[in-house]
Each structure stands twice: as C-alpha cells, then as structure tokens.
Amino acid sequence: MSQHDHTSTALRLPVQAQDHGPACDHDHHTHAAADACCAPATQTDCLTGVCKSNPAPERSSRVRYRIDKMDCPTEERLIRNKVEGMPGVVQLDFNLLNRELTVYHRLDQPREIAAALERLDMAPKLLEANAPVSVLPPALSPRQKGLLAVAGVAAVAAEIIAWSTGRETSWMVMALAAVSIVSAGLPTLKKGWIALRNLTLNIYFLMSIAVVGAVALGKWPEAAMVVFLFAVAEAIEALSLERARNAIKALTAIAPETAEVKAGEAWEAKPVAEVAVGSRIRVRAGARVPLDARVAFGRAALNQAPITGESLPVDKQAGDLLYAGSIVADGVVEATVTASAGDSTLARIALAIQSAQSQRAPTQRFVDRFARYYTPAVVVFAITVAILGPLLSGGGWSSWLYEALVMLVIACPCALVVSTPVTVVSGLAAAARHGILVKGGAFLEGGRLLKAVALDKTGTLTLGKPALTDAIPLGDMPIAQALQIAASLDDHSTHPVAQALVAGWREQQPGAAVLPVDDFGVLQGRGVTGSIAGQVWHLGNHRLVEEIGGCSAALEARLAVLENAGKTAIVLCDAAGPVAVFGVADTLRPESAQAVASLKSLHVEPVMLTGDNPATARAIAGQLGIADARGNLLPQDKQAAVAELLGRYGSVGMVGDGVNDAPALARATIGFAMGAVGTATALETADVAIMDDDPRKIADFISLSRRTAMILKQNIALALGIKAVFFVLALSGVATLWMAVFADTGASLLVVFNGMRLLRR
C-alpha cells in the first residue's frame, strides 16, 4: 500500500502572516535563490519571476472602508497615489468588485486615512473588522438613468441644430449643450479637478481637459457629445462589473437563510446564523442543504454541482457529509450540523473567491505599469502637437489645439485598464462553477505555462482504498466457497487489505453470512489463522505460505503475475496446501485514463510519483499510458523529483491529496489539492483546489488558463490597435472629439464583452 496518510488533505503549506497583518498576495515558494527582481519589501517567486508582496509588518493595524464611488482601476490608482505614501501607512488591499479598501497602518488613529479619502470625494464608510460583505447599490440608480437620458437627448439635439444651421455657438445650441454637460458631465469634471489637484493624469482629467477645451474653442455640440458618450461608457462599464460581481455572488449565495431544526419532538424553522454545531436538521427533497452536516438518518441523492461541479447526483447515507448549498434531488435526511454558517465549506469558498479577486494578475500589473507611463507620455505628445503644429506646419492655433484634444481623448487608457480585471474575474467565476477554486489571478494565468504535471498516485489517480480484484482457485474447491472462508477469517481483522477482501466477498455474495471462526489468531506480518467447522485454515502472504511449506513452482508463477501487476497476493491454505489465491489492489479512478490523455493532448507531460513500490507504480502507470513513473518516494524524495522536473521543464504542477505531498506541492509552480471540498486546510492553502476528486479538471484548468491568456492578449491588442488607428486619423485631421470618445467607448465595450465570454464556458 501507499505511504499516504488518507485521513488528511495535503496542501501547500501556508505562509504565516504577522500579527494583525494580511496574508500574502500569493503563497510564497520557499527557495534558496536570492530575490533579485524585487525591492526589499517584496519577495520573488523564483520559478515565475512574479514579485509578491510580503505580509504587513508586525504590529500593524487594519481598517476597512466601503467606498461606493470606487468601482474601477482609475479610482484605485487615485487612492494609491494619495494614501499609499502617507506616513504610517503600510499596505493597501483593494477589492473593486465589493468596493472595499483595507488599509494596514501603524497610526494611533486612522482619522488621517479617512480624511484623505474624503478629500478625494470617495465618501468612505468604516466597516467593522469582521463585517460581512454588504449589499452594494445598483450600478445605475433611477436618477442616474434619468440624467443620462436627458444628457443624450440634449447632446443629439445640439448636434442636429448645429449641423442644420452651421452655427455651433447659437444660444440654443449652447443651451442644449450646457444641459447635457450639467446632466451627465458634472461627476466627470469634479473627478477631473480632484485628479489635477492630486497631480494624477487619469481618464477623468483627460476628459475634463477635452470638454473644457472644446467649449473654449466654441465646439459646444462636440463637448456635449464627449460628455454624453463618456457617461454612457462609464455606465456600461459599471453594469459589466456588476454582472461579473453577480456571477461571483451567484456561486456563493446559494445556501438557504433558514434551516429546519429539531426542537424536542418538533421541527421548527430557524435562521441559519442561530443554528449551533451539533443541532439536528432535516432536509427534504427539492430543498438546499442549509449548513455543513453529517447524515444521521435516512438516504438521499444530492446534487453537489454548486460546490464540486459534479454533473451527477451523489448518494448519501448515514455517516456521509452534506455540504451547504447542495440540493436534495430525492429522499429525506436528518443530519447533525458540523460547522456554523460562517465556517461552512460554502463560506470558505466565498472567502477564497473574494481573496482571489483582490489579487492582481501579472497581466493586470503589467497593464497598470504600462498605463502609468503611457498616459503622461501621450499628454506630453499632445501638448507638443498643439505647440509645434502651427510653428512647423502652419495653420491656426485653434485647429491644432483641437487635434491635440482629440489625441488626449484617444489616449484615455480606460479600455486597456478595465479589460484585465473583468477577464480575470470572469475566469475565476467560470472555474468555480466547475468545481475548480483558483486562489488568485497569478495562478489562473500561470496555468498556461505548465509543461509537466506530477500526479500523486494514491487518492489522485486511484481511489485510495484497496479492493478485491482477483479470485483464483488452485484445487477442486469452488472459488465462491473459498472466498467465503477467506472472508470469514478476515472479518476478524482490521487490516485494510483484509477489509477489502471482506467487502469484495459481500459484493459478490450479498446477504450471505460469515462462517463461525474458532481459535482465531493474527500471524504478525504474515496473515491470520483460525478453525472453521473443526478444520484449520491459514490466510496470508507469500511469506506465510513458505513457512507452512505450501510453495510450488506453479504457485510461485501465479503470485509473481499478481505482484508484478502491483497487487497484493493473499493465499488461502488448508492442511493439504494452498486452496485459492486472491489479489487486492488500489483501483484506478474511472476518470484517470481520460485525465492523462487530456494532459497529453495539451502537450503537458504527466509524471506519477508514489510511495508504493516500483512494480506497483509501473503497473498503474502502464494502464494509464504514463511513461515516467517513480516509486518508493518519501516526502523529501517527491520534493526532489519536482525540483528535477522544474529544471527540465521550467514550469511544473503538482497534484496531491496527502500530508506527505506538501513539500512537493510547495516546490511546484502551482500546487493542486484534490478532493478539497469540506477541508478547511485545502481551501485556505492550495493554489488551485479541485473540489471533488476528478483528475480531469487539471486539464480543464490548464485549458481555461490558456483561454484566459488568449483573451487578455486579444483585449490589449484591441485597445491599443483602435487607439493607434485613431491617432493616425487625428494626425490627419479626420477624427473629431465625439468620434474619439465613440472609439474609446467602443473599445471599452469590446474588451469587456470579450472578457466576459469566459463566463459562458
């Protein structure tokens, strides 16, 4: 048997956060290599080159704010510029989807932080330390929709009148344009002023300059159209983020709010928050399980798809676990609550997803860095065009200033910046829907780089428990009778191999009873003995047969066949010699062959690591088509094997389910935890947690990672390509302000909708 400990789930060992400090952005891989690419405040993943933030230093305090006006990376950057450099501020953690900001600081009172946020017009609301995620207001209120409609009608009317009369500065055109600007543009102008005051060149500053410049040049209709189209783009972006937020919420907000709890001899409905651990609950057909619980009475088929992604119902009976949010498809069960509402598997999944949202993926960090330099560079270029254009090429100052304003609008990095978080969140939601919990955008992107995956055998590729596979008669006794005698002897033993033989007999002969055994004894390390109906029997391994003198060339050949196939051979002997041979082995999961084939189709090399003997490793690997199978591995040997694979392939995943896999999981580029559902350690420490035991989802994750990376590249190319085209049009004098805004709006819509295609996966 494998050296696995099957009672616990293995996973990447967590980085310990300091007192009162946050956890790392990502679990750190412990290597001896120096952190060359990062500043002292960060650590480097030596395998991927990704710089990872350290936990907040010791003795830092934490304060959380809800900021309703923070719903895109532009506001995040503004807050970072203002707050991050304040004395006493250690670290900022943003959750844009929930509009929350967590500040780690060393201040006696955090009033200065709140004051800084107030000066940015962010209207922060202080949240209690353990406050749950609150309900957010809708992306667009009825008032905002009304103002947007008024602005649109006024802008279009101003454009039509100016075009039909040829006068852009008539009192009617200016009045209609002013109505449009006031209705839809005041928030933009206010944010632009705040950005200017804080020396931040963001999209609001660029749009404000464009609107003010257009008005100063007498382009009132275009100023109105710029304001309206930008407001539409903002609204659509907000609605898109709301949809992504709802996709995440739909994954976790599925447990009912009440539970049917036994009170004395009666049943009563109680809020789940008031149900204590140990309470008895009842769940009927068609209802969702309100809390994690263990079945005490009854049988039922449960749809666990919301938790594990399994497509078929799972039968549950006494002793089996129920997970909050799963649906009783058929039957009624009574169960004992094993975890409170806040500690359920579903709650831990929600917490893990929230944590993953707040971690920026490598592409997102790259885009943020690029935008930080790109926007000022374009502003400088536009100013240069406005000044040097008239001097070098002739023409009026106003026309060149107008072209410069068009360039500023085109330069807005909105489409570029918003594309990455929407795409990453959509990928995280798509994975979670299929029972794959990804602990951050870095791992979602990193999966595409995997060139090899090391798979633990027991519990990952196999079921992790022995089963009777062979029953071979050696004489005249019917094999059914021999199996009954063997099961009667082994029924007195607690050894896993013995229990597997008994279970196999019960499956073949349901309803049959074991025979009475007298003088039962355990032969340490060899087998068992006992008397049945006055006849002495021995049941044990190869060594026992040799001791009682029952070996023969024919028996040795049969035992060799079983042992070379990775099976444990058990021989039943009476006084005359061997009567039957039984084979017991850990059986393959039905999905394992397809899982290995899927990895190969993705050009990812599967490697099997196991503590079992090499013969067993080769036998299992041969059935699956794995060329590289390594046996007799201790935990440190598995870690060394992963290190060797890293040297050969560069990026390697490790899949495991036992504590002895933890060092190898930590050494791998990405650690995968199998069967993590219901296991707190798995959900808290794995890079990627496969909620059920389906190894095919490793390939699914790699495919999703590649698809996510492809869409991220498409979005960056779309955003920059559209801007490049309109830059050429602006330099040629063809593009207008409203065309530039329309192009920016279109680019934003394209990248957002392209990113959300992952939700259809």
Side-chain angles (χ1 to χ4, degrees), residues 2 4 9 303-305 307-315 427 430-438 444 447-467 469 565-567 585-610 612 616-630 645 649 651-658 661 665 668 670-677 686-708 758 760-761:
S2 169
H4 281 269
T9 300
N303 176 3
Q304 297 185 154
I307 310 298
T308 66
E310 294 169 284
S311 58
L312 297 176
V314 179
D315 291 329
R433 282 179 179 176
H434 289 78
I436 305 172
L437 187 60
V438 187
L444 180 63
R448 69 185 176 87
L449 302 174
L450 295 179
K451 302 299 181 185
V453 172
L455 300 118
D456 171 51
K457 179 184 75 70
T458 308
T460 299
L461 295 173
T462 65
L463 293 172
K465 55 184 180 181
T469 58
K567 300 177 181 180
D586 188 7
T587 55
L588 284 173
R589 291 188 181 279
E591 310 88 2
S592 294
Q594 186 180 345
V596 171
S598 297
L599 287 173
K600 289 184 174 181
S601 69
L602 295 172
H603 304 289
V604 176
E605 184 66 24
V607 178
M608 190 174 76
L609 307 179
T610 179
D612 272 351
T616 300
R618 287 193 298 270
I620 296 295
Q623 296 178 55
L624 296 174
I626 297 177
D628 189 350
R630 310 180 188 189
L645 291 171
Y649 294 102
S651 185
V652 175
M654 172 67 195
V655 188
D657 75 327
D661 297 324
L665 287 163
I670 297 178
F672 297 86
M674 290 295 293
V677 63
D687 293 338
V688 178
I690 306 300
M691 303 308 292
D692 58 4
D693 291 314
D694 191 344
R696 294 175 298 182
K697 291 182 179 177
I698 305 299
D700 290 343
F701 166 76
I702 296 173
S703 296
L704 176 64
S705 175
R706 292 180 181 181
R707 183 171 169 80
T708 301
L758 290 170
R760 300 202 304 268
R761 181 178 172 82

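FYI, side chains are in, hydrogens and waters are out, and symmetry mates aren't considered; it's all heavy atoms of this structure.
Considering Val607, Ile670, Val652, Ile702 in turn, Ile702 is the only one that fulfils the side-chain contact (heavy atoms from CB on, under 4.5 Å) rule with Val453.
Side-chain atoms of Val655 and Met674, non-hydrogen and from C-beta on, do get closer than 4.5 Å to each other. In this structure the side chain of Arg707 reaches within 4.5 angstrom of the side chain of Leu758, judged on heavy atoms. With contacts defined as side-chain heavy-atom distances shorter than 4.5 Å, the pair Ser703/Leu602 qualifies. In this structure, the side chains of Val688 and Leu437 stay at 4.5 Å or more apart for every pair of heavy atoms. Inter-residue side-chain proximity for Leu455 and Pro606 is flagged as met; some heavy-atom pair is nearer than 4.5 Å. The closest side-chain heavy-atom distance from Leu461 to Thr610 is not below 4.5 Å. In this structure, the side chains of Leu450 and Tyr649 stay at 4.5 Å or more apart for every pair of heavy atoms. Looking only at side-chain heavy atoms (C-beta outward), Ser598 and Arg696 stay at 4.5 Å or farther from each other.
Atom-to-atom distance recorded for Asp692:CG and Lys697:NZ is 3.5 Å, nearest 0.5 angstrom. A distance of 12.5 Å separates CE in Met654 from CG in Asp687, rounded to the nearest 0.5 Å. Within the model, atoms CZ of Arg589 and CG of Leu624 stand 12.0 Å from one another, a figure rounded to the nearest 0.5 Å. Taking CG of Asp628 as the start and CG of Leu645 as the end, the distance is 6.5 Å to the nearest 0.5 Å. Taking OG1 of Thr462 as the start and CG of Leu588 as the end, the distance is 7.0 Å to the nearest 0.5 Å. For the atom pair CG (Asp586) and CD1 (Ile620), the distance works out to 6.5 Å, reported to the nearest 0.5 Å.
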Inset, instruction - Using the side chain to side chain contact (heavy atoms under 4.5 Å, CB included) rule, take Met608 and Asp456 through it: C-alpha gap first, then chi angles, then the decisive distance, then the call. - result: CA-CA 6 Å; Met608 190 174 76; Asp456 171 51; over 6 Å; no

Inset, instruction - Run the numbers on Ile626 and Val596 for side chain to side chain contact (heavy atoms under 4.5 Å, CB included), then give the verdict. - result: CA-CA 8 Å; Ile626 297 177; Val596 171; 3.9 Å; yes

Inset, instruction - For the pair Phe672 and Ile698, evaluate side chain to side chain contact (heavy atoms under 4.5 Å, CB included) and give the outcome as yes or no after the intermediate values. - result: CA-CA 8 Å; Phe672 297 86; Ile698 305 299; 3.6 Å; yes

Legend entry - Step-by-step side chain to side chain contact (heavy atoms under 4.5 Å, CB included) determination, Lys567 to Thr469: CA-CA 8 Å; Lys567 300 177 181 180; Thr469 58; 3.5 Å; yes

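Lys600 places a side-chain N or O within 3.5 Å of a backbone atom of Gly625 that can act as its donor or acceptor partner.
What you find for Gly653 and Ala668 is that their closest heavy atoms are C-CB, 4.1 Å. The minimum heavy-atom distance between Thr460 and Pro695, with the atom names listed, is O-CG, 3.9 Å.
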